[in-house]
Amino acid sequence: MITTKASTADARIKYSQQIETLEREVSAIRSKVKEMAAAGDDSWKQMKYGVEHGWSALSTAIQDAVTKYKE
């Protein structure tokens with residue numbers, strides 16, 4: 001049986017990993033937004049796709065974190 005201290009430590013590790021994932025996703029979205037600000041009209045569609053993809057990945061990461069936090 002896992003002790004309370006061990007399960008708390010495991011939860012902290014998982015939480016920390018999820019935070020790192022979310023921070024990477026936020027950083028990627030920030031980069032895309034900066035690129036969009038500098039992009040011309042020709043690049044708009046490509047940039048839009050990149051931001052939408054990044055937002056989707058961030059949303060998934062948040063949902064995963066919430067699900068794991070509730071466990």
Flag, side chain of Thr67 to backbone of Gln63, donor-acceptor distance under 3.5 Å: yes

Same apolar cluster (I L V M F W Y, side chains within < 4.5 Å links), Val26/Val66: yes

Counterpart residues, side chain to side chain donor-acceptor pair (under 3.5 Å), relative to Arg24 (two or more places apart): Thr21

Partners passing side-chain contact (heavy atoms from CB on, under 4.5 Å) against Ala65 (at least two apart in sequence or in another chain): Gln18, Leu22

Shortest non-hydrogen contact between Glu25 and Ala57, atoms and distance: OE1-CB, 3.2 Å

Sidechain-backbone polar pair: Ser16 side chain, Arg12 backbone, donor-acceptor under 3.5 Å: no

Salt bridge (charged side-chain N to carboxylate O under 4.0 Å, His left out) contacts in which one or both residues fall within residues 50-59, not counting sequence neighbours: Lys48-Glu52

Cluster link Trp55 to Tyr49, ILVMFWY, side chain under 4.5 Å: no

